[in-house]
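Beneath this line is the structure, given in structure tokens, with notes to follow.
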Amino acid sequence: MQTNLANFIKDTPEGLEADSILRTCVHCGFCLATCPTYQLLGDELDSPRGRIYLIKQMLEGAPVTAKTQLHLDRCLTCRACESTCPSGVKYGHLVDIGRAIVEKKIGRKPMQALQRFGIRRVLPQSTIFGSLLKLGQTLRPLLPGQIQGAVPPVKQQTAWPASQHARTMLVLDGCVQPSLEPNINGATARLLDKLGINLVRAEKAGCCGAVSYHLNAQDEGLDYMRRNIDAWLPYLDQGAEAIVMTASGCGVTVKEYGYLLRNDPMYAEKAERISAATKDISEIILVEKDCLADLLNAKNTGRKTPKEKIAFHSPCTLQHGQKITGVIEALLTAAGFELTPTPEKHLCCGSAGTYSILQKELSQQLLKNKVNALESGEPKIIATANIGCLMHLQSGTQTPVKHWVEIVDELLA
Ligand code: SF4
Ligand code: SF4
């Protein structure tokens, strides 16, 4: 794609990055077929190619309007278009640049700005989020029916193994996961313990930075990232083998720290090191799969292998963001489960970070379609790999939704 960027952006790092991305797009339109918002709305401006044109026009000096903002806001940043694109267009990076410029040029209406500010103050702060959640859970019986349904039930923290091994890995606690689903990291610690690995948490680490970064508070997001880098590096220096991610939404962000901090002379190199050490839990288990198979075989001695039907929802941040496909499905099948087929599994469930709060209507349509697709094979359980997807899917179905690690942990208990 030919470009002629305007003076305000052309020699900046963002301008150069956007220019090189725009030049890779050949307008073929293959990406339209897999874009969830284009499927729902049928408007080219709600497709990847349409949004790329909007960003290009804006970077070339065209006026930025509320309409530009609307179409960029409606994008889920699911990156299904990246998986489909034959030219390797890095759409996710481009849309981040585009959104930041829109925000600078036209800002937000006061209510929208307040809502976004509130999200940034609550979600990334695990203590504030945890306290508010506890308050909501305590008052739940007194709340009106509709609000009651929005408050998730109390989940108990489960035992973290105390044994010591020669091998150690770090885990990111994350911001909302410890309050909403405290069993996920406990299950991960127990599973790794059985494989001879200690799982430890770095006290000073916190939110991965994705919430602020994707809400156009990029500097705030980068500060969260620097804080995590400072918290984790001493552990890597002492021999921790990896930084384990149990939420693929955080994993995709931490794997990009090197890219996101590439222009920071103090942190660029450190960030690269952190990204290189970061692994989704499925990548760790894949390497240890023979050991896991032995554990499962030992456990199944003398009784029938379980054959429960499971549907697996692969989060966009796993399949499109981290390009991890088929790994968890294979692990669950090897563990003896029957995986039910899910039509259109490349499509987003509508959770997409804060999308379920900011774009409620579209998010609910995507949820309904996703639950129908997942339940078409009549599974007993829905498994997934990201806290956002887990909570969002559970809000739309009576079928239990669990992190896949919890399911494997239960098998080995
Ligand atoms: S598939 Fe890739 S190259 Fe084709 S229009 Fe979409 S982004 Fe551009
Ligand atoms: S990131 Fe997802 S919603 Fe956004 S343009 Fe690409 S496919 Fe469509």
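Indexing begins at 1, ligand by ligand and atom by atom, following the structure's order.
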**Report entry** Protein heavy atom at shortest distance from atom 6 (Fe) of ligand 1
**Finding:** C31 SG, 2.3 Å
**Report entry** N/O donor-acceptor pair under 3.5 Å between N228 side chain and C207 backbone
**Finding:** yes
Report task. Less than 2.8 Å from atom 4 (Fe) of ligand 2 is the window; count the protein N, O or S atoms in it. Result -> 1
Query raised in the report: Is a donor on one side and an acceptor on the other found under 3.5 Å between the side chain of T24 and the backbone of I21?
Result: yes
Report summary line: C85 heavy atoms within 4.0 Å reach ligand 1 at atoms 1 (S), 2 (Fe), 3 (S), 7 (S)
Report summary line: For D219, the salt bridge (charged side-chain N to carboxylate O under 4.0 Å, His left out) test, sequence neighbours excluded, returns none
Report task. Among all protein heavy atoms, pick the one closest to atom 8 (Fe) of ligand 1 and tell me residue, atom and distance. Result -> C25 SG, 2.4 Å
**Report entry** Partner residues of E272 under the salt bridge (charged side-chain N to carboxylate O under 4.0 Å, His left out) criterion, sequence neighbours left out
**Finding:** none
Query raised in the report: Quick one: nearest non-hydrogen protein atom to atom 3 (S) of ligand 1, plus distance?
Result: V26 N, 3.3 Å
Query - Short side-chain to backbone donor-acceptor contact, E82 and G92, under 3.5 Å - result: yes
Report summary line: Contact region, S87 to ligand 1, non-hydrogen atoms below 4.0 Å, reads side chain
Query raised in the report: Nearest protein heavy atom to atom 5 (S) of ligand 1, by residue and atom, and its distance?
Result: G29 N, 3.2 Å
Query raised in the report: Can you list every salt bridge (Lys or Arg N to Asp or Glu O under 4.0 Å) pair that touches residues 54-63, not counting sequence neighbours?
Result: K56-E60
Query raised in the report: Does P86 come within less than 4.0 Å of ligand 1, judged by its heavy atoms?
Result: yes
Query raised in the report: Going by the atom numbers of ligand 1, which of them fall below 4.0 Å from some non-hydrogen atom of C28?
Result: 1 (S), 3 (S), 4 (Fe), 5 (S)
Query - Main-chain N/O of G388 paired with S351 side-chain donor or acceptor, under 3.5 Å - result: yes
Query raised in the report: Hey, mind stepping through L32 and Q39 against side chain to side chain contact (heavy atoms under 4.5 Å, CB included) and telling me if it holds?
Result: CA-CA 8 Å; L32 273 66; Q39 262 193 20; over 6 Å; no
Requested in this report: Using a 4.0 Å heavy-atom threshold (strictly under), name the region of I52 that reaches ligand 1: side chain, backbone, both or neither.
Outcome: side chain
Report task. Indicate, as side chain, backbone, both or neither, the part of V89 found under 4.0 angstrom from ligand 1 when only non-hydrogen atoms are considered. Result -> side chain
Query raised in the report: Heavy-atom distance under 4.5 Å between the side chains of L170 and L199, does that happen here?
Result: no
Query raised in the report: Would you find a donor on one side and an acceptor on the other, under 3.5 Å apart, between the side chain of Q322 and the backbone of S248?
Result: yes
Query raised in the report: Without hydrogens or angle criteria, can the side chains of T84 and T34 be said to hold a donor-acceptor pair below 3.5 Å?
Result: yes
